[in-house]
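The block underneath contains the structure these notes are about, expressed in structure tokens.
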Amino acid sequence: MMIGESWAQIGSTIAGLMFALATLQQFFPHQLRLSLQQFVLASLQQFSLVQKLCDKLVNLFSPYIHITFPEYSGYWSNQAFDAIETYVGALSTTKASLLKGSLVQNSKALVLTRDDRKVCDEFNAVQVWWVLEPSPTSSSEDKYFQLIFHRQHRDLITGSYLDHVLEQGKAIQAKNKQRRLYTNNPSENWSSYKKNLWSDIAFESPATFQTIAMDPNKKEEIINDLVSFSKGKEYYMKLGKPWKRGYLLYGPPGTDVTGERKKGGPKSNEKETEPENEKTSKVTLSGILNFIDGTWSACGTGRIFVFTTNHIDKLDPALIRRGRMDMHIELSYCSFEAFKILAKNYLDVDSHDLFEKIGILLKETEMTPADVAENLMPKREKKDPDACLNSLIQALEDAKEKAKLKAEKEKNIKINKGKNMKFYAKRLLF
């Protein structure tokens, strides 16, 4: 109580001196005003020295240690502050009476946090306190967290406890993080103000490895590779390589994503002029290589690049070499194993009398998973597995007949070409 009264008296005295200083500037002559200002400033400096001395005495005899975590470290956001804010906000939210809700950017759910300025936590039977304060040295809305604990637990708190807080805070952030899908945004105005090279939307695809129609062995190989990569950060650092991995998916149309293709006819000798309003690709091989191997890639951690193409033979070898596209994954025509996954996804059917016939047709006929899925899609509100499977059988038989006719046509063309060549050869001889 005595310390509080002393501080109140000192504050009142300082306020009085400041009022006197303001009065001097209005009513006293210049020379006298300067002398009195020097006296007032000297008095304030003495109070400042007294305050510093008192602070040192308090710190000397206080059993508590204070550690400050500012929101910003220089010009950069302090990642420790972000993790602490997430951790502290999640403390006892089910028991707290004061809560606040917010939809954080890139978060997939409403986040409820405590609205208390001071939060108590316990670690290994040791109590600590987190206090959120506005920054006293900034005019903006910058904040800082202050961690208060007893000095006898210094090693435990500065070691294991802070590691625990940062680990848990980052884990909560990762759990609530909304995945984003980024798309290149070509424009001639990239250099203009506030123009971005990339646009993004929330990635909310329900597809999982369990629902992907592909060979189970190949699927398992890809999963194992991804798991191995996700745990290989230290290994990549030991090698001195960026922690990134590239996957190339290739196959016929209908087995992976396809992009826009130019509509073209026969080439002419005349120089073609491109309409100004026609969209053209601004992506070059050099640009792609710089994106994969450049600064953004090298500085990032845990990067996964996925490339898709229907024409792997047309890609530059420099682009698809190991180190850029580390794993080449062929997504071919639908196999029987892939069909069974699609049947489970679309019809909730694990087995059926028609499966054997479909398996035989899939060996004889090339059909993409996309086409198989389209035939399995129920055409009515109520699922009818028999009708859908029969529809697929009919489509496979039609595709088989078309492939047969096409092969016969190509064979006849080849025979006719051979006859024509013999005819011209005889004419030249005679």
Side-chain angles (χ1 to χ4, degrees), residues 108-110 178-183 199-226 247-261 263 304 306-312 329-407:
K108 59 185 178 183
L110 185 69
Q178 171 66 62
R179 289 176 294 175
R180 314 291 296 179
L181 181 64
Y182 289 84
T183 305
S199 58
D200 65 289
I201 58 173
F203 182 75
E204 297 177 341
S205 173
T208 64
F209 270 107
Q210 284 68 35
T211 61
I212 293 177
M214 65 183 304
D215 181 78
N217 294 329
K218 188 176 295 184
K219 186 188 297 187
E220 185 178 2
E221 181 184 357
I222 296 169
I223 293 174
N224 291 338
D225 189 81
L226 284 167
Y247 295 86
L248 173 63
L249 311 181
Y250 67 95
T255 63
D256 58 52
V257 181
T258 59
E260 282 188 323
R261 294 184 176 85
K263 295 179 181 179
I304 293 178
V306 180
F307 303 85
T308 64
T309 182
N310 297 131
H311 305 282
I312 188 173
I329 304 166
E330 182 180 8
L331 300 178
S332 188
Y333 294 101
C334 189
S335 65
F336 182 62
E337 294 297 328
F339 155 74
K340 288 195 292 186
I341 296 174
L342 291 172
K344 176 64 177 177
N345 294 342
Y346 284 82
L347 304 174
D348 292 327
V349 173
D350 291 309
S351 61
H352 196 278
D353 294 340
L354 296 175
F355 272 22
E356 184 179 357
K357 187 174 183 179
I358 291 174
I360 295 172
L361 286 170
L362 285 172
K363 289 181 180 179
E364 300 172 345
T365 311
E366 293 181 342
M367 181 173 284
T368 66
D371 288 332
V372 172
E374 180 60 29
N375 284 284
L376 292 177
M377 181 78 74
K379 304 300 187 290
R380 299 177 182 176
E381 184 177 352
K382 185 178 180 181
K383 294 179 182 177
D384 186 354
D386 290 344
C388 294
L389 293 173
N390 279 308
S391 173
L392 175 59
I393 290 173
Q394 185 62 50
L396 286 168
E397 289 176 343
D398 291 344
K400 180 180 177 181
E401 185 63 24
K402 287 181 181 178
K404 181 180 178 181
L405 293 174
K406 183 180 178 181

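Here, residue 1 is the first one in the sequence, and each next residue gets the next number.
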Return the CG to CZ distance between Leu396 and Phe339, rounded to the nearest 0.5 Å.
9.0 Å

What I'd like to find out is whether the side chain of Phe355 reaches to under 4.5 Å of the side chain of Lys340, using heavy atoms alone.
yes

For a quick test of reading the model, state the closest non-hydrogen atom pair linking Ala399 to Thr365 and the distance between them.
CB-CG2, 3.6 Å

Supply the atom-to-atom distance Leu361 CG to Ile393 CD1, rounded to the nearest 0.5 angstrom.
7.0 Å

What closest approach, in Å, do Leu389 and Ile358 show between heavy atoms, and which atom pair accounts for it?
CD2-CD1, 3.8 Å

Check ring pair (Phe, Tyr, Trp, His ring centres under 6.0 Å) between Phe209 and all other residues, then give those that pass, not counting sequence neighbours.
none

Evaluate whether atom NZ of Lys219 has more than 12 neighbouring non-hydrogen atoms of other residues, nucleotides or ligands under 6.0 angstrom away.
yes

Test your reading of the model: is there a side-chain donor-acceptor pair from Thr211 to the backbone of Thr208, 3.5 Å cut-off?
yes

Provide the closest heavy-atom pair for Tyr247 versus Ile329 in the form atom of the first, atom of the second, distance.
CD2-CD1, 4.0 Å

Between Phe307 and Tyr250, is the ring centroid distance below 6.0 Å?
no

Take Leu331 and Met214 through the side-chain contact (heavy atoms from CB on, under 4.5 Å) test and state the conclusion after the steps.
CA-CA 7 Å; Leu331 300 178; Met214 65 183 304; 3.8 Å; yes

Between Leu362 and Ser335, which heavy-atom pair has the shortest distance, and what is it?
CD1-O, 3.9 Å

Do Lys357 and Glu397 meet the salt-bridge criterion of a basic N to acidic O distance under 4.0 Å?
yes

Heavy-atom neighbours of Glu364 CD exceed 12 at 6.0 Å:
yes

Determine whether Gln394 and Asn375 satisfy the following criterion, side-chain contact (heavy atoms from CB on, under 4.5 Å), listing intermediate values before the conclusion.
CA-CA 9 Å; Gln394 185 62 50; Asn375 284 284; over 6 Å; no

Carefully, step by step, assess Ile222 and Leu226 under the rule side-chain contact (heavy atoms from CB on, under 4.5 Å).
CA-CA 6 Å; Ile222 296 169; Leu226 284 167; 4.1 Å; yes

Does any donor atom in the side chain of Glu221 or Asn217 lie under 3.5 Å from an acceptor atom in the other side chain?
no

At their closest point, which heavy atom of Pro378 faces which heavy atom of Leu347, and how far apart are they?
CG-CD2, 4.2 Å

Separation of Cys334 SG from Asp215 CG (nearest 0.5 Å)
11.0 Å

Chi angles and distances behind the side-chain contact (heavy atoms from CB on, under 4.5 Å) call for Met377, Tyr346
CA-CA 6 Å; Met377 181 78 74; Tyr346 284 82; 3.7 Å; yes

May I ask you to decide whether Lys404 forms a salt bridge with Glu401, counting only side-chain N to carboxylate O separations under 4.0 Å?
no

For the pair Lys218 (side chain) and Glu330 (backbone), establish whether a donor and an acceptor sit closer than 3.5 Å, ignoring hydrogens and angles.
yes

Which pair of heavy atoms, one from Pro369 and one from Ala213, lies closest together, and at what distance?
CG-O, 4.4 Å

For Asp386, does its backbone N or O pair with a side-chain atom of Asn390 as donor and acceptor, under 3.5 Å?
yes

Could you list the residues that satisfy salt bridge (Lys or Arg N to Asp or Glu O under 4.0 Å) with Asp225, not counting sequence neighbours?
Arg245

